[in-house]
**Student:** 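Supplied in structure tokens, the structure appears directly below.
Note that the structure is predicted; figures quoted are calculated from it, not measured. Sequential numbering from 1 along the given sequence is applied to the chain's residues.
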Amino acid sequence: MTELTELTAVRLLDGYRKGEWSPVEATRAALERAEAIQPEVNAFVRLTAEEALEQARESQERWRRGEPRGLLDGVPVTVKDILLQRGTPTLRGSRAVDPAGRWDEDAPSVARLREHGAVFIGKTTTPEFGWKGVTDSPLSGITRNPCDPSRTAGGSSGGSAAAVALGAGPLSLGTDGGGSVRIPASFCGIFALKPTYGRVPLYPASAFGTLAHVGPMTRDAADAALLMDVIGHPDSRDWSALTAPAGPYTDALAGGVRGLRVAYSPSLGGQVAVQPAVARAVRRAVERLADLGAYVTETDPDLTDPVEAFHTLWFSGAARVTQHLGPHQRELLDPGLREICARGARYSALDYLAAVDVRMDLGRRMGRFHDTYDLLVTPTMPLTAFEAGAEVPKGSGHRRWTGWTPFTYPFNMTQQPAASVPVGADADGLPIGLQLVAARHRDDLVLRAAHALYGAGVASAGGPTPAGS
């Protein structure tokens, strides 16, 4: 019998059309998996089983009548507990948020899922207000890696990554302000896309400003394209949202990589120390791109580490997120978050504008780079997952999470589309990710190239063996 929790959304929908299985069966399977993995992995803030099964029954009736609603009718989905979901508290990983608030509105991406008949099975974990690249919080504790629960799942969308990897719904919505869908995708062995800024509307507006993106976290690139066809449309509540895309992303998948100009940067010009296993796996995948017809050149973008400018923007945003809290509420915060908020509050407007200048110049340089190259390939992460419950790897010398994820946050500053594709594992079985980056508005190229890697068997749709099995 087909294991429904191992199927992609595309395959689930095909089975609904053919009558091979039903939305109720798929939802029950996803909920059972979620409940099974929760004690060890801790991917969920809450599960909404009763509501999900009711949504699945309604979907099943629509399929019975031959009248499915939208592109995702009956597909189990999860939502990071940063995004508003009507009828469910959005606590953002914080004890300072009152769960008794009015939860009567969907974020734009959640609203699009609802319109297309998706089944909401739960809200996934996040660090407090999504502030760091691992997932632990005073509210929900530590989220662990599905391949090895002693390791981190990454963050800040770590709960979503673990849920998708372990079959608790094939689709999840994550957010990414400095790598937050790509980091956990790399650590957990799934696919994730940070779209061009504004492609997926965001409301309420993030205090982290135009660094913050909403993106799909899925089992493969085809599922991500399908999800982008649902969520990648404007919403009047987001003044910075882009107009509708020129056509479906699913239609762009078949283009392949033949003739694409690919720049491969193994370490951003020697600026990043990359673990040997990571370097080998990424190089093998790049060689496969060349076998598939891409013109690959080993070269580096004109990019110096913008970490101080990023910190100015990021820490200022964190200070703004918590500005309204009183002294008692501040005592409830993650100590690391309190620390960066205090630093962020000390920046001046001139400091902030100087960081914006760095950002604009970085965007100019990357724009010129993509005049020559269609895609940039790097490792997603220079390392595999480290110990759970720590912001930085033990003995690394890093002070903050940005120290170990130098490949991700530059592309939040430039607003470019960037994806993480699973391309192997190290000797301990820990996943390794490859990052694909394209010019702004060329999300289609990122998805095309990722889909080609899946088609060539370099990337694999599917997650690790569930923890505890």
Side-chain angles (χ1 to χ4, degrees), residues 82 92-94 96 126-133 155-156 175-183 194-215 237-242 268 271 301-326 329-330 333-368 391 398-416 418 440:
I82 289 287
R92 300 175 175 88
S94 182
T126 175
E128 198 161 20
F129 301 111
W131 80 272
K132 59 184 174 180
S156 62
T175 63
D176 190 315
S180 290
V181 299
R182 291 161 290 155
I183 295 166
K194 179 190 75 65
T196 299
Y197 177 80
R199 171 51 58 215
V200 180
L202 180 60
Y203 171 85
S206 173
F208 296 108
T210 57
L211 294 173
H213 303 59
V214 177
R237 294 171 292 174
D238 183 352
W239 65 271
S240 62
L242 299 175
L268 297 180
Q271 296 182 76
D302 178 21
L303 187 156
T304 52
D305 188 358
V307 67
E308 290 307 320
F310 179 80
H311 282 168
T312 300
L313 300 171
W314 192 252
F315 297 171
S316 298
R320 178 62 175 161
V321 166
T322 58
Q323 186 178 31
H324 68 286
L325 300 180
Q329 290 172 305
R330 287 181 179 276
L333 296 177
D334 181 328
L337 176 59
R338 279 204 308 270
E339 185 178 318
I340 71 161
C341 288
R343 183 171 167 186
R346 292 194 294 269
Y347 290 126
S348 69
L350 289 178
D351 292 331
Y352 192 93
L353 290 172
V356 171
D357 286 342
V358 171
R359 183 181 190 181
M360 289 190 294
D361 185 61
L362 184 65
R364 176 191 61 81
R365 283 182 279 158
M366 287 307 302
R368 293 296 300 272
E391 183 186 343
H398 298 308
R399 179 76 182 99
R400 296 264 76 101
W401 62 271
T402 44
W404 48 264
T405 181
F407 291 112
T408 59
Y409 56 79
F411 304 110
N412 291 80
M413 298 182 76
T414 62
Q415 302 187 337
Q416 294 171 248
R440 291 174 74 245

**Student:** Could you point out which residue of Trp314, Phe310, Phe208 forms a ring-ring contact (aromatic ring centres under 6.0 Å, His included) with Tyr409?
**Tutor:**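 Only one of Trp314, Phe310, Phe208 forms a ring-ring contact (aromatic ring centres under 6.0 Å, His included) with Tyr409, namely Phe310.
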**Student:** Rounded to the nearest 0.5 Å, what separates atom CH2 in Trp401 from atom OG in Ser180?
**Tutor:**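 The distance works out to 6.0 Å.
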**Student:** Could you state the interatomic distance from CZ (Arg92) to OG1 (Thr126), rounded to the nearest 0.5 Å?
**Tutor:**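 One gets 10.0 Å once the value is rounded to the nearest 0.5 Å.
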**Student:** Evaluate the side-chain proximity of Met366 to Pro301: yes if any heavy-atom separation is below 4.5 Å, no if none is.
**Tutor:** yes
**Student:** Using the salt bridge (charged side-chain N to carboxylate O under 4.0 Å, His left out) rule, pick out the option among Lys132, Arg346, Arg330, Arg400 that qualifies with Glu339.
**Tutor:** Arg400
**Student:** Report the C-alpha distance between Leu211 and Met413 in whole Å, list the side-chain angles of each, state the deciding distance to 0.1 Å, and finish with yes or no for side chain to side chain contact (heavy atoms under 4.5 Å, CB included).
**Tutor:** CA-CA 6 Å; Leu211 294 173; Met413 298 182 76; 4.0 Å; yes
**Student:** Give the minimum heavy-atom separation between Cys341 and Thr322, together with the two atoms involved.
**Tutor:** SG-OG1, 3.3 Å
**Student:** Which atom pair, heavy atoms only, marks the closest approach of Pro195 to Gly215?
**Tutor:** CD-CA, 3.8 Å
**Student:** If we only count heavy atoms from C-beta on, is the Arg440 to Thr414 side-chain gap below 4.5 Å?
**Tutor:**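 A side-chain contact under 4.5 Å is absent here.
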**Student:** Sub-3.5 Å donor-acceptor pair from the side chain of Arg359 to the main-chain atoms of Pro306, do we have one?
**Tutor:** no
**Student:** Using a 3.5 Å distance criterion without hydrogens, assess whether the side chain of Asp238 forms a donor-acceptor pair with backbone atoms of Gly198.
**Tutor:** no
**Student:** Looking only at heavy atoms, which two atoms of Asn412 and Gly179 are closest? And how far apart?
**Tutor:** OD1-N, 3.5 Å
**Student:** Kindly give the heavy-atom pair with the smallest separation between Gly133 and Ile183, and that separation in Å.
**Tutor:**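 Closest approach of Gly133 to Ile183, heavy atoms only: O-CG2, 3.7 Å.
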**Student:** Side chains of Pro410 and Leu303: does their closest heavy-atom pair fall under 4.5 Å?
**Tutor:**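 They are in contact (side-chain heavy atoms under 4.5 Å apart), so the answer is yes.
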**Student:** Do side-chain atoms of Lys194 reach the backbone of Gln416 as a donor and acceptor pair under 3.5 angstrom?
**Tutor:** yes
**Student:** Look at Arg343 together with Glu308 and state whether they make a salt bridge at an N to O cut-off of under 4.0 Å.
**Tutor:** yes
**Student:** Classify the angle between the aromatic ring planes of His213 and Tyr197 as parallel (below 30°), tilted (30 to 60°) or perpendicular (above 60°).
**Tutor:** perpendicular
**Student:** Any salt bridge between Glu128 and Arg338, counting N to O under 4.0 Å?
**Tutor:** no
**Student:** Output yes when a side-chain donor or acceptor of Thr312 lies under 3.5 Å from a complementary backbone atom of Tyr352, and no otherwise.
**Tutor:**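 Looks like no, no N/O pair under 3.5 Å.
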**Student:** To the nearest 0.5 Å, how far apart are CG in Leu362 and CG in Asp357?
**Tutor:** 12.5 Å
**Student:** Specify the closest pair of heavy atoms between Thr402 and His311, including all atoms of both residues, with the distance to one decimal.
**Tutor:**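 That would be OG1-NE2, 2.6 Å.
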**Student:** To the nearest 0.5 Å, tell me how far Leu202 CG sits from Thr175 OG1.
**Tutor:**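 Rounded to the nearest 0.5 Å, the CG-OG1 separation comes out at 8.0 Å.
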**Student:** Which atom pair, heavy atoms only, marks the closest approach of Ala207 to Val321?
**Tutor:**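 Between these two residues, the closest heavy atoms are CB-CG2, 3.3 Å.
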**Student:** Would you say that Phe129 contacts Asp334 through its side chain, given a criterion of any heavy-atom pair below 4.5 Å between the two side chains?
**Tutor:**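 No, too far: nothing below the 4.5 Å cut-off.
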**Student:** Could you walk me through whether Thr405 and His398 pass the side chain to side chain contact (heavy atoms under 4.5 Å, CB included) test, one step at a time?
**Tutor:** CA-CA 11 Å; Thr405 181; His398 298 308; over 6 Å; no
**Student:** Is it true that Arg368 and Asp302 make a salt bridge, defined as a side-chain N closer than 4.0 Å to a carboxylate O?
**Tutor:**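 No salt bridge links Arg368 with Asp302.
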**Student:** Drop me the distance from Phe315's CZ to Trp131's CH2, to the nearest 0.5 angstrom.
**Tutor:** 7.5 Å
**Student:** Can you check whether Asp176 reaches Phe411 side chain to side chain, under 4.5 Å on heavy atoms?
**Tutor:** no
